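Below is one structure; the comments refer to it alone.
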Amino acid sequence: MDEAPKKSLNFIEAFVEQDLKDGKNDGRIQTRFPPEPNGYLHIGHAKAICLDFGIAQNYKGTCNLRFDDTNPVKEDVEYVDSIMEDIQWLGYKWENVYYASDYFQQLWDLAIDLIKQGKAYVDEQSAETIAKQKGSPTVPGTESPYRNRPVEENLALFLKMNTGEVAEGAMVLRAKIDMASSNMHFRDPIMYRVINSHPHHRTGWTWKAYPMYDYAHGQSDYFEGVTHSLCTLEFEVHRPLYDWFIDQFKDGGYRPRQIEFNRLNLTYTVMSKRKMLQLVQEKLVSGWDDPRMPTICGLRRRGYSPESIHNFIDKIGYTKFEALNDIGLLEHAVRESLNKTATRVNAVLDPVKLIVTNYPEGVVEMMETVNNPEDEAAGTREIAFTRELYVERDDFMEDAPKKYFRLTPGQEVRLKSAYIVKCTGCKKDNNGNVTEIYCEYDSQTKSGMPDSNRKVKGTLHWVSATNCIDAEVRLYDRLFSVENPSADERDFRDLLNPNSLEVRTGCKVETSLKETKPLDQFQFQRIGYFNVDPDSTPAKLVFNRTVSLKDSWAKEQNK
RNA sequence: UGUCUUAUGGUGUAAUGGUAGCACUGCAGUUUCUGGAUCUGCCUGUCUAGGUUCGAAUCCUAGUAAGACAACCA
């Protein structure tokens, strides 16, 4: 019997297995994906989603969706909806949907407990003063003059913070820990602040005092029974505080555990929500779902499949090392996935007429062609072959070098799914531009015929000049022209790739495209992938040019 | 002049004290009725210095380098 290949665990799975082995939390595994509804999900979130949901799946646990909605200034229900849509598109189902705002009362009650224990106090100093007193990572902080006020006074003031009579910024509730701690987060962290200028997207004007992340996040995990709270590396320094708050309120043997992993960095990409928002607001892209954006909805519009994103995430792994991942890896994953699933369609982006001079005028011959050579189940379709065709302008050269295997006078090429033709010449206008190419076909070489297997070096895609549709094609390239825009000192707008979008009109596409559904993925013969833009009439194509053309001829040229 | 974390080919990741492997890129071939594909081969690596050990990428110490932390953001 073959030995099953030993699957390597990432370090998080190893922790989970160890916890299971140690019998922690009654062998229960529970995770959560906790976005703040203040923006759209991007490929970096997909990495977290795959981990949170993946761990739950692999270890027969549960994963919940929790909106970390503790700051009404930035949050909106629009984002809640888009986040749920994107997670489902990625193929995951949450057990429950929770909101941190559902715990506002519980969190409030526990905060009052903490005040009663003398472990929290209301500070009336300004934000600037508090910041100054915190010191710096190398200089210890100093204590607030309000630090030791009586419990009764703290209680009264805390209640007042939530009535609306306290102005924003006038008071905060702070945990009383250690102003000299080497960990800045222990220097009396703020637990509650007053926000009365914005309604909360779910609780409206009910609350005027809102809990901060460090307090709310860990307790929310605890309320829900989360066993493994997975987050990105920058929260590493918060973990001792996470544990401190858990220790204050813990009851019984169960406790959640925070584990950090490296966030996703991609070459030629900015992942910062702030910069992405700026791109949208300054109309440098068409919106959050612009196909050049690293958002889930952008990738979806561009034609990426959920499978391709999963494959990519599998390839990059989870570690504690802050890595910069090559976008080529994502593009490779996309090609791999689309090669298996994408329906092929003929399209000519830069058309020039090819006239088959010995083919009868007015005849329309239907040629059978496969929809996907990698998937027989995709079936076949018929495409019209006529005397006048369109081929790509660069598929013809009058004076061709040796290794040019496409159209050039005297040379034979295969027209995909049709006949072998021999180029006989061309016609040019006064400027020397080729306007028509001529060829003769060999009637015995139709695809599938017994004599059709004659070796020819090149195969070209084509469309019938009389049976085709005009299309506008959008060619997308990388949004940024530098490898690591996030690290570049210059304004990120100077780093944009001016050629990231090219709109081409007058492209010719086979008529079968009329029957296609929006957002299906297709593949142009020879040239790449595209999907059909949903708002287009008659046909606007979105073409995905992810890497430079690697053509045997182009390769020769470079030598 | 702090605390925490990290360091394996060009890039990303595995090896959990016992043969340094995989993927992407690159290069060289191969092949094809379309595939930016296929198949084959090749290149390149354990940050440095000590220590523990029969044996160290792995454990310890020091150094070096990188990241995080001084929001009433999450």
Side-chain angles (χ1 to χ4, degrees), chain A residues 6-11 14 18 34-36 38 68-71 73-75 100 123 126-127 130-141 168-174 181-187 189-195 209-210 212-214 216-217 231-240 260 262 267 273 314-326 328-333 335-336 339 344 346 369-370 373-374 413-418 420 445 447-448 452-453 455-461 523-529 544-551 554:
Chain A
K6 197 176 139 198
K7 189 195 176 283
S8 62
L9 301 177
N10 67 45
F11 76 101
Q18 188 60 47
E36 184 187 17
N38 68 345
D68 245 345
D69 53 351
T70 56
N71 183 2
V73 176
K74 295 162 113 187
E75 295 152 9
D123 198 331
S126 69
I130 291 177
K132 207 176 276 176
Q133 284 171 354
K134 276 202 174 167
S136 79
T138 51
V139 179
E168 276 188 26
M171 288 182 197
V172 290
L173 181 73
R174 302 176 73 181
S181 171
S182 57
N183 184 337
M184 293 296 289
H185 297 282
F186 269 46
R187 323 251 256 231
I190 292 169
M191 291 174 67
Y192 271 87
R193 80 291 214 186
V194 174
I195 298 173
Y210 288 91
M212 299 283 292
Y213 167 85
D214 280 307
H217 194 92
C231 61
T232 45
L233 244 28
E234 67 267 28
F235 291 101
E236 220 155 25
V237 213
H238 294 245
R239 192 184 340 130
E260 311 84 15
N262 61 342
T267 55
K273 262 187 199 172
D314 279 350
K315 283 171 203 275
I316 60 173
Y318 299 88
T319 67
K320 291 183 92 70
F321 177 70
E322 185 103 14
L324 179 61
N325 290 278
D326 192 339
L329 207 55
L330 173 60
E331 293 165 346
H332 181 260
R335 260 177 268 138
E336 219 169 35
N339 269 342
R344 270 61 163 176
N346 286 310
T369 188
V370 295
E374 296 194 20
V413 296
R414 156 75 62 184
L415 294 177
K416 168 77 180 157
S417 306
I420 291 175
T445 57
S447 292
S452 69
N453 281 334
K455 288 273 178 204
V456 281
K457 278 286 188 183
T459 302
L460 303 185
H461 62 279
Q523 187 173 61
F524 279 131
Q525 302 293 359
R526 180 150 157 269
I527 50 183
Y529 305 99
N544 175 12
R545 181 175 57 190
T546 52
V547 288
S548 60
L549 186 69
K550 264 196 248 168
D551 184 280

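Residue numbering restarts at 1 for every chain, and letters A, B, ... go by the order of the sequence lines. This structure is a prediction, so every number in the text was calculated from the model and none was measured.
- When heavy atoms are screened at a 4.0 angstrom cut-off, A/A323 is found touching the sugar-phosphate backbone but no base atom.
- Using a 4.0 Å heavy-atom distance criterion, A/T232 is classed as making no nucleic acid contact.
- A/F235 comes within contact range of at least one nucleobase, with a heavy-atom separation under 4.0 Å.
- Between A/Y213 atom OH and B/rC69 atom P the separation is 13 Å, expressed in whole Å.
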Does A/K416 form a side chain to side chain donor-acceptor pair (under 3.5 Å) with A/N346? I'd like the steps, not just the answer. CA-CA 10 Å; A/K416 168 77 180 157; A/N346 286 310; over 6 Å; no

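- Note on A/P373: only backbone sugar-phosphate atoms sit closer than 4.0 angstrom, heavy atoms only; bases stay farther off.
- Comparing the C1' positions of B/rU8 and B/rG2 gives a spacing of 30 Å, expressed to the nearest Å.
- Note on A/L415: nothing from the nucleic acid sits closer than 4.0 angstrom, heavy atoms only.
- Per the geometry, CD belonging to A/E336 stands 13 Å off C1' belonging to B/rU38, to the nearest Å.
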Take nucleotides 1-7 of chain B nucleotide by nucleotide from the 5' end and write B, S or -, depending on whether a protein heavy atom sits under 4.0 Å from the base, only from the sugar-phosphate, or from neither. -BS-SSS

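- To the nearest angstrom, P of B/rC22 lies 20 Å from CG of A/D326.
- In this structure, of B/rG12, B/rU13, B/rA70, it is B/rU13 that holds the atom nearest to the side chain of A/N262.
- Within 4.0 Å of A/T70, counting heavy atoms only, lie sugar-phosphate atoms of the nucleic acid but no base atom.
- A/N339 places its CG atom 19 Å from the P atom of B/rU32, with the value rounded to the nearest Å.
- Side-chain atoms of A/R187 come within 3.5 Å of backbone atoms of A/S136 as a donor-acceptor pair (strictly under, hydrogens ignored).
- Put simply, the side chain of A/T232 never gets that close to the backbone of A/E234: no donor and acceptor are under 3.5 Å apart.
- Nearest nucleotide to the side chain of A/L329, out of B/rC24, B/rU16, B/rC72: B/rC24.
- Distance CD (A/E260) to C1' (B/rC69): 13 Å, rounded to an integer number of Å.
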Would you write out the dot-bracket form of RNA chain B, 5' to 3', with Watson-Crick and G-U pairs under 3.5 Å, [ ] for crossing pairs, | for pairs to other strands and . for unpaired bases? .((((((..((((....[..)))).((((.........))))....(((((..]....))))))))))).....

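- Here A/K132 lies out of heavy-atom contact (under 4.0 Å) with every strand.
- Looking at every heavy atom in both residues, A/R414 comes nearest to A/T445 through NH1-O, 2.8 Å.
- One P atom belongs to B/rU11, the other to B/rU1, and the distance between them is 35 Å to the nearest Å.
- Residue-environment remark: NZ (A/K320) exceeds the threshold of 12 foreign heavy atoms within 6.0 Å.
- The distance between atom CG of A/D214 and atom P of B/rC73, rounded to the nearest whole Å, is 12 Å.
- Closest to the side chain of A/L324, from the set B/rU16, B/rG12, B/rC72, is B/rG12.
- The residue A/G169 sits close to a base: some heavy atom pair falls under 4.0 Å.
- At the phosphate of B/rC24, OP1 or OP2 sits under 4.0 Å from a side-chain N or O atom of A/H332.
- For the pair A/Y318 and A/V172, both in contact range of RNA chain B, the more 5′-proximal nearest nucleotide belongs to A/Y318.
- Between A/R187 and B/rA70, a side-chain N or O to OP1/OP2 separation shorter than 4.0 Å is absent.
- Classification of the A/H238-A/H185 ring pair by plane angle, with boundaries at 30° and 60°, yields tilted.
- Spacing of C1' atoms, B/rC43 relative to B/rC24, comes out at 15 Å, to the nearest Å.
- Of the listed nucleotides (B/rC33, B/rA70, B/rU11), B/rC33 has the atom at the smallest distance from the side chain of A/R414.
- Rounded to the nearest Å, the gap between the P atom of B/rC39 and that of B/rU32 is 15 Å.
- Atom C1' of B/rA56 sits at a distance of 11 Å from the matching atom of B/rG51, rounded to the whole Å.
- For the pair A/N325 and A/D69, both in contact range of RNA chain B, the more 5′-proximal nearest nucleotide belongs to A/N325.
- Among the atoms of the strands shown, none is found under 4.0 Å from any heavy atom of A/N38.
- Residue A/I190 places its side chain closer to B/rC72 than to any other of B/rA37, B/rC73, B/rC72.
- With A/S417 contributing its side chain and A/T369 its backbone, the two residues share no donor-acceptor pair below 3.5 Å.
- Under 4.0 angstrom from either OP1 or OP2 of B/rA74 there lies at least one side-chain N or O belonging to A/R193.
- As judged by a 4.0 angstrom heavy-atom cut-off over every strand, A/M171 is placed among residues making no nucleic acid contact.
- Side chain of A/E75 to main chain of A/N71: a donor-acceptor pair is present (N/O by atom type, distance under 3.5 Å, no hydrogens or angles).
- Spacing of C1' atoms, B/rU16 relative to B/rG21, comes out at 15 Å, to the nearest Å.
- Nucleic acid contact for A/H238: base, since at least one base atom lies under 4.0 Å from a heavy atom of the residue.
- Of the candidates B/rU32, B/rC73, B/rG12, B/rC73 carries the atom nearest the A/N71 side chain, counting heavy atoms from C-beta on.
- As rounded to whole Å, 19 Å separates atom P of B/rC22 from atom CG of A/D314.
- Residue A/T319 places at least one side-chain N or O under 4.0 Å from the OP1 or OP2 atom of B/rU13.
- With B/rC33, B/rA23, B/rA71 as the choices, the nucleotide that has an atom nearest any side-chain atom of A/K315 turns out to be B/rA23.
- Using modelled atom types, one side-chain atom of A/N183 and one backbone atom of A/V237 make a donor-acceptor pair closer than 3.5 Å.
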Side chain to side chain contact (heavy atoms under 4.5 Å, CB included), that's the test. Do A/V172 and A/M212 meet it? Break it down for me. CA-CA 10 Å; A/V172 290; A/M212 299 283 292; over 6 Å; no

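- Nucleotides B/rA71 and B/rU25 place their C1' atoms 40 Å apart, quoted to the nearest Å.
- At whole-Å resolution of the value, OH in A/Y192 and C1' in B/rC72 are 14 Å apart.
- For the P atom pair drawn from B/rU46 and B/rG9, the interatomic distance equals 8 Å after rounding to whole Å.
- Salt bridge annotation for A/E36-A/K273: absent, with no cationic side-chain nitrogen under 4.0 angstrom from a carboxylate oxygen.
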